[in-house]
Amino acid sequence: MKKRENIIFIMIVFVILLCGCSSSKDNDNNLLGLKLKVSDVTDSGLKLTCTQSNKDLNGEIKADLKYYIEKYDDNSWTELEYISSVHWDETSIFTIPQNGEYYWTLYWSFYGNLSKGDYRVKKIFNYENKEYVYYAEFEIN
């Protein structure tokens, strides 16, 4: 009987630890307090709005023009390949205002017009010399 109680105790501790790791990971995923939202979606572009809130940060959140488009197929996300060359202006760096928002109008001629399906925009932000990846999902009808 003692052995069974020990096994149950170990299982309970294991479940508690897993729950703790999960919530910690979720908090890490939005360390910057950013939220991406898409609007005005067409097969050739969209408006991407980045809102920063609920986090008091000691530095600036920065981003450049570069973004990626991924498509959802076969239960996974796949980054689309460019159909033409693209040269990102890496000198244009934008600061995301704390408790404010910034938006980009994206036209993806280098991807071509997107077919019907589920997609997401992948955007990389830099804070204190670390990169943070955020996504915003959208659908082409």
Side-chain angles (χ1 to χ4, degrees), residues 1 3-141:
M1 188 64 116
K3 189 174 190 179
R4 186 174 189 191
E5 289 174 357
N6 286 341
I7 291 173
I8 292 172
F9 176 75
I10 290 171
M11 289 175 62
I12 290 171
V13 169
F14 182 73
V15 169
I16 291 171
L17 288 174
L18 281 178
C19 291
C21 290
S22 174
S23 66
S24 157
K25 183 179 178 197
D26 290 343
N27 290 337
D28 291 346
N29 283 343
N30 202 4
L31 175 72
L32 305 181
L34 294 178
K35 182 175 182 181
L36 295 181
K37 181 178 132 190
V38 298
S39 59
D40 304 329
V41 178
T42 70
D43 62 350
S44 61
L46 56 77
K47 179 179 175 182
L48 179 65
T49 303
C50 175
T51 305
Q52 194 282 336
S53 61
N54 300 325
K55 296 283 182 174
D56 292 322
L57 304 175
N58 293 325
E60 295 180 324
I61 303 169
K62 303 228 181 233
D64 59 19
L65 294 173
K66 194 172 193 175
Y67 64 90
Y68 306 89
I69 302 292
E70 298 180 350
K71 185 172 186 182
Y72 190 74
D73 276 328
D74 299 326
N75 296 321
S76 66
W77 292 100
T78 304
E79 189 174 305
L80 300 181
E81 293 185 29
Y82 300 137
I83 61 169
S84 64
S85 64
V86 60
H87 301 284
W88 297 104
D89 177 5
E90 296 188 22
T91 61
S92 295
I93 305 294
F94 305 95
T95 300
I96 309 303
Q98 288 196 31
N99 293 306
E101 67 181 28
Y102 191 91
Y103 77 90
W104 297 266
T105 301
L106 311 180
Y107 297 105
W108 45 72
S109 58
F110 43 86
Y111 284 116
N113 289 352
L114 302 182
S115 60
K116 291 182 179 181
D118 295 317
Y119 295 88
R120 68 183 181 182
V121 176
K122 174 182 169 183
K123 191 85 177 118
I124 299 172
F125 296 89
N126 188 291
Y127 176 69
E128 294 186 337
N129 296 317
K130 293 181 185 174
E131 290 186 341
Y132 298 87
V133 178
Y134 284 80
Y135 299 94
E137 295 182 19
F138 63 97
E139 182 178 4
I140 302 289
N141 294 317

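Using a 4.5 Å heavy-atom cutoff, the side chains of Lys123 and Trp104 are in contact. Side-chain contact between Thr49 and Leu36 is absent, with no heavy atoms from C-beta onward closer than 4.5 Å. By the 4.5 Å heavy-atom criterion applied to side chains, Tyr132 and Ile61 are not counted as neighbours. In this structure, Val41 and Tyr119 have side chains that are not in contact, with every pair of non-hydrogen atoms separated by 4.5 Å or more. Gln52 places a side-chain heavy atom less than 4.5 Å from the side chain of Asn99.
The residues Lys130 and Glu128 are annotated as not salt-bridged, no charged nitrogen and carboxylate oxygen being separated by less than 4.0 angstrom.
When all heavy atoms are compared, the tightest approach of Leu57 to Tyr127 is CB-OH, 3.4 Å. The shortest non-hydrogen separation linking Ile124 to Ala63 is O-CB, 4.1 Å. Between Lys71 and Ser115, the shortest heavy-atom distance links the atoms NZ-OG, 3.3 Å. Residue Leu114 comes nearest to Ile140 through the heavy atom pair O-CG2, 3.8 Å, listed as atom of the first residue, atom of the second, then distance. Taking both residues in full, the closest heavy atoms of Ser109 and Ser84 are given as O-OG, 4.2 Å, listed atom of the first, atom of the second, then distance. Looking at every heavy atom in both residues, Thr51 comes nearest to Glu101 through OG1-OE1, 3.6 Å.
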Original post:
Would Phe125 and Cys50 count as a side-chain contact (heavy atoms from CB on, under 4.5 Å) if you check the C-alpha gap in whole Å, the side-chain angles of each, and the deciding distance to 0.1 Å?
Top reply: CA-CA 11 Å; Phe125 296 89; Cys50 175; 3.8 Å; yes
**OP:** Could you walk me through whether Tyr102 and Thr95 pass side-chain contact (heavy atoms from CB on, under 4.5 Å), step by step?
**Re:** CA-CA 8 Å; Tyr102 191 91; Thr95 300; over 6 Å; no
Original post:
Please walk me through it: do Asp40 and Leu46 pass side-chain contact (heavy atoms from CB on, under 4.5 Å)?
Top reply: CA-CA 5 Å; Asp40 304 329; Leu46 56 77; 5.8 Å; no
Original post:
Hey, mind stepping through Ile69 and Val121 against side-chain contact (heavy atoms from CB on, under 4.5 Å) and telling me if it holds?
Top reply: CA-CA 5 Å; Ile69 302 292; Val121 176; 3.9 Å; yes
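A distance of 10.5 Å separates OG of Ser85 from CZ of Phe110, quoted to the nearest 0.5 Å. Summarising the geometry, atom CG belonging to Leu65 is positioned 8.0 Å from atom CD1 belonging to Ile93; distances are rounded to the nearest 0.5 Å. Asp89 contributes atom CG, which lies 12.5 Å from atom NZ of Lys66 (distance to the nearest 0.5 angstrom).
Ring geometry for Tyr111 against Tyr82 counts as tilted: the plane angle lies between 30° and 60°, on a 0 to 90° scale. Using cut-offs of 30° and 60° on the angle between ring planes, the pair Phe138 and Trp108 is parallel.
Residue-environment remark: NZ (Lys35) stays at or below the threshold of 12 foreign heavy atoms within 6.0 Å. More than 12 non-hydrogen atoms from other residues, nucleotides or ligands lie less than 6.0 angstrom from NZ of Lys62. For Tyr103, the OH atom is loosely surrounded, since the number of other residues' heavy atoms within 6.0 Å does not exceed 12.
In summary, the side chains of Lys47 and Thr105 do not present any donor paired with an acceptor at a separation below 3.5 Å, with no hydrogens or angles considered. Side-chain polar atoms of Asp74 and Ser76 form no donor-acceptor pair below 3.5 angstrom.
Aromatic ring centroids of Tyr68 and Trp77 lie 6.0 Å or more apart.
A side-chain hydrogen bond (donor to acceptor under 3.5 Å, both in side chains) with Arg120 is found for exactly one of Glu137, Glu79, Glu70, namely Glu70.
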